Undergrad: 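Starting off with a structure, shown below.
To find a chain, count down the sequence lines: A is the first, B the second, and so on, and within it residues start at 1. Every value quoted in this text rests on a predicted model; they were computed, and no experiment measured them.
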Protein chains: 2
Amino acid sequence: MDSDAVILDLNQLRRSCTSCALHELCLPAGIYGDDLRQLDTVVRDKRALERGSTLYRDGDAFKALYVVRSGSFKTFLLNEAGDMQVLAFHLPGEILGFDALASNRHVSQAEALEHSSICELPYARLMQVSNDVPALHRQLMRVISREMVIEHRHLVMMGRQPAQERLAIFLQNLVDRYASLNRDDITLTLSMSRYDIANYLGLVVETVSRLFTRMQETGVLEVNRKSVRILRPDLLAELCSTQHPRTLKSHDRD
Amino acid sequence: MDSDAVILDLNQLRRSCTSCALHELCLPAGIYGDDLRQLDTVVRDKRALERGSTLYRDGDAFKALYVVRSGSFKTFLLNEAGDMQVLAFHLPGEILGFDALASNRHVSQAEALEHSSICELPYARLMQVSNDVPALHRQLMRVISREMVIEHRHLVMMGRQPAQERLAIFLQNLVDRYASLNRDDITLTLSMSRYDIANYLGLVVETVSRLFTRMQETGVLEVNRKSVRILRPDLLAELCSTQHPRTLKSHDRD
DNA sequence: GGCGGCAGTTGACCTCGGTCAACTGGATGC
DNA sequence: GCATCCAGTTGACCGAGGTCAACTGCCGCC
């Protein structure tokens, strides 16, 4: 069982945004009072998904956005040849499905990495409500924009960082995100496989494996299958910035 | 002078969205009649920018979104060390500045690659109007989402494609975008430097240079400084898909 | 409790693309 | 017209990380 990988105690989960533990992280952040109660009328059907089951796939008609309540997801692209590129991992409070706004079809796939649950936000309803609630509208845009900024960082990593930095940044990022979920201990339980990690980082699984070993040897962390305990957060943080700058400086024109 | 790199004849540019040549590509796409006239009240101050001048930089307060009217821009991130990562090149009709929605500050930099002009869309005003015009609202979300989808493709390129495929995809992409601007000949005028291209593709300038040479030798194209003439669009298209799949297949769970 | 399977690890080797350095050729200026 | 400068090109070399193959060990299953 991987129920220990579920980050939030299921008891904390309530039926409405108003009382949801993810309140401040999720779409309702910055929305209060009547507006929040209006938002509550959007949320539907808190489904549970088993590990490996698909939330949506490429080509699916766009019906709703989804908020991760518990567990975790990966989103990825598949090309014609079936090659995968992992785009992101999604933790509780994060919203999936924005890719479909452009064309009214999903152009990526989302899959649960463990037993997970989601809130469904039917888009039509969401748009109705946000016509009455300008704050919701702005918040939606903010959330998409945040998504973009995160992707920018992913892009920088792919373009410019050597392998070790990539893994370090990935781990640091997970530590940070779990920290904001009130898990401030430094043992991560990775719900994704080494393959997924490698793919996300633009590396191969062997490289990731070697890097984990090396980081363990240098005392940065302790790995045991899915469990990664950060022993030296300071060293990890150091590894995040490249020692060997590969890039050109921005040329100063003036 | 690089006025020959300006894609649209300046005579085509009018003062309002209603009559703008970019109408169907830009924010107004799918917006008509009174709604469009309302949108017109948002657009302000069609500024011109010289090559190398900065539209916004990291840390700038978020005031407006910008539409490229003519010319082209690059957007990029700078890290503390001054390393650059080019995020995107922006052609006429494309919108810049979404990165700032999340935090009300720009977290990237935008710079004109040639003599260019823009429409400014003050965000506060844009939000006012889109409260009255739901279509505008939806269109805005669509445009951001499209931006995300484009970044996904960039990410795949960075993560999985070998160097030659990256350049081929980049060129193909420019061909496609210029095609939708009614430039259906196959001579590109690259407004960005080899450094910018290399950086965007996660490569170094020497590699890009060698690839141009190789593609010229194999008869795919003809390069002359900034001018690239595609001789064999069919071959270029072929080069876009990787011959050596580097990635793992998506494991079929059911 | 022995077996098969698959995720993950380790090692040996090789290749793609990065690095470094020299060179070329337009563009600009005096 | 010659010098300078910088973007871009070319060549020689090298190393990070990919490839391929063998191995380990956990887990589920009969």
Undergrad: What is the distance, to the nearest angstrom, from the CE atom on B/Met215 to the C1' atom on D/dT9?
TA: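 Going from B/Met215 (CE) to D/dT9 (C1'), I get 16 Å.
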
Undergrad: May I have the distance from A/Asn224 (atom CG) to D/dT24 (atom P), rounded to whole angstrom?
TA: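 It works out to 18 Å between those atoms.
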
Undergrad: Let me know the distance between CE of B/Met158 and P of C/dG17, rounded to the nearest Å.
TA: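 Nearest whole value for this atom pair: 14 Å.
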
Undergrad: In whole angstrom, what separates A/Arg160's CZ from D/dG17's P?
TA: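 Going from CZ in A/Arg160 over to P in D/dG17 covers 14 Å.
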
Undergrad: Of the options D/dG17, D/dC20, D/dG18, whose atoms approach the side-chain atoms of A/Glu206 most closely?
TA: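 Minimum distance to the A/Glu206 side chain belongs to D/dC20.
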
Undergrad: If only side-chain N and O atoms of A/Thr207 are considered, is one of them under 4.0 Å from the OP1 or OP2 phosphate oxygen of D/dG17?
TA: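 Looking at the OP1 and OP2 atoms of D/dG17, neither is under 4.0 Å from any side-chain N or O of A/Thr207.
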
Undergrad: OP1 or OP2 of C/dG8 less than 4.0 angstrom from a side-chain nitrogen or oxygen of A/Lys226, does that happen here?
TA: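 So the side chain of A/Lys226 is within the cut-off, an N or O lying under 4.0 Å from OP1 or OP2 of C/dG8.
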
Undergrad: Nearest to the B/Tyr195 side chain among D/dG8, C/dT10, D/dT9, which nucleotide is it?
TA: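 Among the listed nucleotides, the one closest to the side chain of B/Tyr195 is D/dG8.
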
Undergrad: What is the separation between atom CD1 on B/Ile197 and atom C1' on D/dA7, rounded to the nearest whole Å?
TA: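 Interatomic distance, CD1 of B/Ile197 to C1' of D/dA7: 12 Å.
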
Undergrad: Quick check: do A/Thr75 and A/Tyr56 have side-chain heavy atoms less than 4.5 Å from each other?
TA: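 Heavy-atom side-chain distance check passes, below 4.5 Å.
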
Undergrad: Separation of B/Glu114 atom CD from D/dA7 atom P, in whole Å?
TA: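 Between P of D/dA7 and CD of B/Glu114: 17 Å.
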
Undergrad: Whole angstroms only, please: what is the CG-C1' distance between A/Leu167 and D/dG17?
TA: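 To the nearest whole Å, that distance equals 14 Å.
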
Undergrad: With heavy-atom distances below 4.5 Å as the criterion, would you say the side chains of A/Met157 and A/Glu165 are in contact?
TA: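 No. Closest side-chain heavy atoms not under 4.5 Å.
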
Undergrad: Between D/dT9, C/dT10, C/dG18, which nucleotide has the shortest distance from any of its atoms to the side chain of B/Ser209?
TA: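 From the listed options, D/dT9 comes nearest.
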
Undergrad: Nearest whole angstrom, please: distance from the P of D/dG18 to the CG of A/Asn199.
TA: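 So the two atoms are 12 Å apart, to the nearest Å.
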
Undergrad: I want to check something: taking the side chain as every heavy atom from C-beta on, are A/Val68 and A/Leu96 in contact at a cut-off of under 4.5 Å?
TA: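 In contact.
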
Undergrad: Atom NE2 of B/His90 and atom OG of B/Ser116: how far apart are they, to the nearest 0.5 Å?
TA: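 Answer for the NE2-OG pair, B/His90 versus B/Ser116, is 12.0 Å.
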
Undergrad: Can you find a pair of side-chain heavy atoms, one from B/Arg214 and one from B/Gln164, that are under 4.5 Å apart?
TA: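 The answer is yes, as the side chains (C-beta and beyond) meet within the 4.5 Å cut-off.
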
Undergrad: With DNA chain D as reference, determine whether B/Arg210 or B/Arg194 sits nearer its 5' end, using the nearest nucleotide of each.
TA: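 Its nearest nucleotide being more 5', the pick is B/Arg194.
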
